[in-house]
Amino acid sequence: MRTEKRTGNSISSRLRRLMMILVPLSALYIGISVASTYYFKKQIVSYAETFVDFYIDKIENTVTNINRRMSMLILGEGETEIELDSYINSIKTTDNIAFRNYFIGKLRDAFRMYSMEYGSEYQFFAFFPEGKQYVGANANDKLGQDVWEQYRDDIIHRLEGEMLIPNSGSQYWQFVEGSGGCNYIIKFYSIREVYVGCWIRPADLIAPLENAVKDGKTTALLFDQNNRRIAGERTMEPDTITIERRFSNLPFSVRLTVHDYGLFQKTFLMQMGLVFLALAMLFITLCSIYFLYNKVLKPIKKFSNNLERLSRGKTGLEEISSSELSELEQANAEFRQLLQKISMLQEEVYEGEIKKQLMYMEYLKLQIEPHFYLNCLNFIYNTIDLGKYTQASRMSVMTAEYMRYLFNNGRDFVCIWEELEHIGHYLEIQKLRFEHAFDYYLEQEDETREARIPPLVIQTFVENCIKYAVDLDSVLQITVTVFSEEMNGIPYTNICITDSGPGFSAQILEQLTDQNKYMEEETGHIGISNTIKRLYYTYGDRASISFYNGPVKGAVVDIHIPYTVKAALEKGDEPDESADCG
């Protein structure tokens, strides 16, 4: 039957339609990414500026009210201020100790009331130079009494030594570098040779702002009129937005530094990178399709026609020129000889090899666990989403190395050091997932470094340690040691896998002891069964594997493999000297 050529559904027409959709979508995607980045930046700046302005207004209103309160005290206006003035006058003039202590208590209660009204961080006080009497109360529950007394002693010392100058109504609050790191901001007045005022620590002044932005990415700093930092922790990081505001009634300024704005820039660059990567992949795909069609599909079609001719017993095979695929050309020329050789070989010759290859492929299928790779990809996605790029990068590298070893390893035998390196990649992946749930230790004796073993022999038992022994309530210890030994005058390689978990149960240990069940496929432990069978079909009775529990706790898997630096062929055959490590 003649078939018509359907150009409408060809690969080229489909790719053209795909390009017509992909290019506008890519341009739209880039435009949205640029607009989103700009909008994010504008929103962050607007939010930060509004927040800082609100904070500045709040502090300025509080300071204005305190200034007004102390001015009214000087002028003797207001019932509370008249009472306060009478307390001060009584303390200064009375000789009766009981009355003096009574009015000191009343004055202290009034100052405590002021702190409750304006904020516990504002410390009101009165100092009587004649009796060296400091009257004040520590209303800040976050300031220890011993620290408060250090500030009090420093203020008394400076007032006695006249190192501080009383303020007038127009003067600003002044910053004082006290002894022992007791820095404070103070404003006080002299009322009939009595000093009355208020002081606050610089850190407490910006504490509300710091508490509001405790996200680990934003820094609040306080500077004096000489642009000297007097509060806040400085962090030198790139990609920041800095918002600075100056108080109108204080000689200080606040600087809010928002870090990690570069995250949006990096996200935008990553988005554009993905777009360009998609375009590059599309271009590479087109070139690959063109190359495959001309250099692979056409020769394969010729080769397929030749196979059909041979199956029908016809001659006159179609030539595959050397300008196309030399492999197919050679296969076409030798295919007749290959068919003749296959028909002459006996089933017994290949029985051991077939079983070994089937077990190897079955074992490899077990390694391709979708959940394992999906978990790795999901972990990478989540860590990138949380901004943990180091962990995401580490998981990507480890997963790539793990998969590269698994899929690129077509050899029957590998060096033990390669196998241990692969086990290290697997355990690093699990440590990134489980963090501190377990530790591991890999040790290899130098004499065994070039020894060969079948690939993926150790991994089954290490996976079982993770699967059955990891307990988040305690740290599991996994140890893999490789060393040389001699049994009956024959050199062996000993591989010992141990963990500090609960060990094998009595039922499991009984099943593991009877390894004939595994050879007859009567058990459900597929991974262990595959490993036992692979060792048997490779070494026969010369290799052994035993399972037991440690003297304290934990499971032990002890493997003994004949030592060789040349890869063995089938059971009973001589080693292949051409085999080499990776």
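For the single chain, residues carry numbers from 1 onward in sequence order. Computed from heavy atoms alone, side chains included, the values below leave out hydrogens, waters and symmetry copies.
In this structure, CZ on F128 lies 6.0 Å from CG on L107, to the nearest 0.5 angstrom. Taken from SG in C496 to CZ in F483, the straight-line distance is 6.5 Å, to the nearest 0.5 Å. Rounding to the nearest 0.5 Å gives a distance of 13.5 Å between CD1 of I380 and CG of D385. To the nearest 0.5 Å, the span separating CG on D154 from CD1 on I186 amounts to 9.0 Å. For the atom pair OH of Y195 and CD1 of I88, the computed distance is 13.5 Å after rounding to the nearest 0.5 Å. One finds the CD atom of E447 at 12.5 Å from the CZ atom of R449 (value rounded to the nearest 0.5 Å).
Screening residues 60-75 for salt bridge (charged side-chain N to carboxylate O under 4.0 Å, His left out) gives R69-E81, R69-E117 as the qualifying pairs, with residues at least two apart or on separate chains.
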Is there a side chain to side chain contact (heavy atoms under 4.5 Å, CB included) between D499 and Y468? Walk through the geometry before answering.
CA-CA 10 Å; D499 63 58; Y468 298 107; over 6 Å; no
Q: Quick one: do Y440 and E428 satisfy side chain to side chain contact (heavy atoms under 4.5 Å, CB included)? Show the steps, please.
A: CA-CA 9 Å; Y440 69 92; E428 283 299 318; 2.4 Å; yes
Original post:
Can you list the steps and then say if I243 with F51 is a side chain to side chain contact (heavy atoms under 4.5 Å, CB included)?
Top reply: CA-CA 10 Å; I243 299 172; F51 184 77; over 6 Å; no
Could you go through the side chain to side chain contact (heavy atoms under 4.5 Å, CB included) check for Y102 and S90 one step at a time? CA-CA 10 Å; Y102 170 78; S90 298; over 6 Å; no
Before you tell me yes or no, could you show the steps for D109 and R112 under salt bridge (Lys or Arg N to Asp or Glu O under 4.0 Å), namely the whole-Å CA-CA distance, both residues' side-chain angles and the distance that decides it to 0.1 Å? CA-CA 5 Å; D109 291 341; R112 186 178 289 108; 3.1 Å; yes
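Inter-residue side-chain proximity for P166 and Y189 is flagged as unmet; no heavy-atom pair is nearer than 4.5 Å. With contacts defined as side-chain heavy-atom distances shorter than 4.5 Å, the pair Y114/M70 does not qualify. The shortest distance between side-chain heavy atoms of Y405 and V414 falls below 4.5 Å. Counting only heavy atoms from C-beta outward, the side chains of D153 and H157 never approach each other to under 4.5 Å. A heavy-atom distance below 4.5 Å is not found between the side chains of W417 and V482. When side chains are defined from C-beta on, Y55 counts as touching I59, because their heavy atoms get closer than 4.5 Å. Looking at N183 and I230, their side chains never come closer than 4.5 Å, going by heavy atoms from C-beta outward. Inter-residue side-chain proximity for K132 and E160 is flagged as met; some heavy-atom pair is nearer than 4.5 Å.
Residues passing the salt bridge (Lys or Arg N to Asp or Glu O under 4.0 Å) test with R201 are D204, sequence neighbours excluded.
Ring geometry, Y402 versus Y426: the interplanar angle falls from 30° to 60°, so the pair is classed tilted. Between F103 and F99, the ring planes are parallel. Angles under 30° get that label, and only those over 60° would be called perpendicular.
Within 6.0 Å of CG on L386 lie more than 12 heavy atoms contributed by other residues, nucleotides or ligands. Shown here is M113, whose CE atom has more than 12 heavy atoms of other residues, nucleotides or ligands within 6.0 Å. A 6.0 Å sphere centred on CG of D446 holds no more than 12 heavy atoms belonging to other residues, nucleotides or ligands. Within a 6.0 Å sphere centred on CD of Q145, other residues, nucleotides and ligands contribute more than 12 heavy atoms.
Side chain of Q430 to backbone of F434: no donor-acceptor contact under 3.5 angstrom is found. Remark: side-chain polar atoms of E418 are paired, donor with acceptor, to backbone N or O of C415 under 3.5 angstrom. Distance alone, capped at 3.5 Å, places no donor-acceptor pair between the K187 side chain and the I66 backbone. Here the side chain of D224 pairs a donor or acceptor atom with the backbone of N226 at under 3.5 angstrom. Judged purely by atom type and a 3.5 angstrom limit, K431 uses its side chain to pair as donor or acceptor with the backbone of F438. The backbone N or O of D85 lies less than 3.5 Å from no partner atom in the side chain of N89, so there is not a single donor-acceptor pair. When atom types are taken as modelled, the side chain of S115 and the backbone of Q123 share no donor-acceptor pair closer than 3.5 angstrom. Between the side chain of T94 and the backbone N or O of I91 there is no donor-acceptor pair closer than 3.5 Å.
Nearest heavy atoms, P202 versus L222: O-CD2, 3.8 Å. The nearest pair of heavy atoms linking A126 to F111 is N-CE1, 3.4 Å. Across every non-hydrogen atom of Y118 and T62, the tightest pair is O-CG2, 3.7 Å. When all heavy atoms of F379 and R433 are compared, the closest pair comes out as CE1-CA, 4.1 Å. Residues M395 and C376 share a closest heavy-atom pair of CG-O, 4.0 Å. Here the closest heavy-atom approach between residue A469 and residue G501 is recorded as CB-CA, 4.0 Å.
The only option from D471, L476, V470 that meets the side-chain contact (heavy atoms from CB on, under 4.5 Å) definition with S474 turns out to be D471.
For the residue pair Y134 and E149, no side-chain donor N or O sits within less than 3.5 Å of a side-chain acceptor on the partner.
No salt bridge links D95 with R100; every basic N to acidic carboxylate O contact stays at or beyond 4.0 Å.
Judged by the 6.0 Å distance and 45° axis criteria, R152 is not positioned over the aromatic ring of F125.
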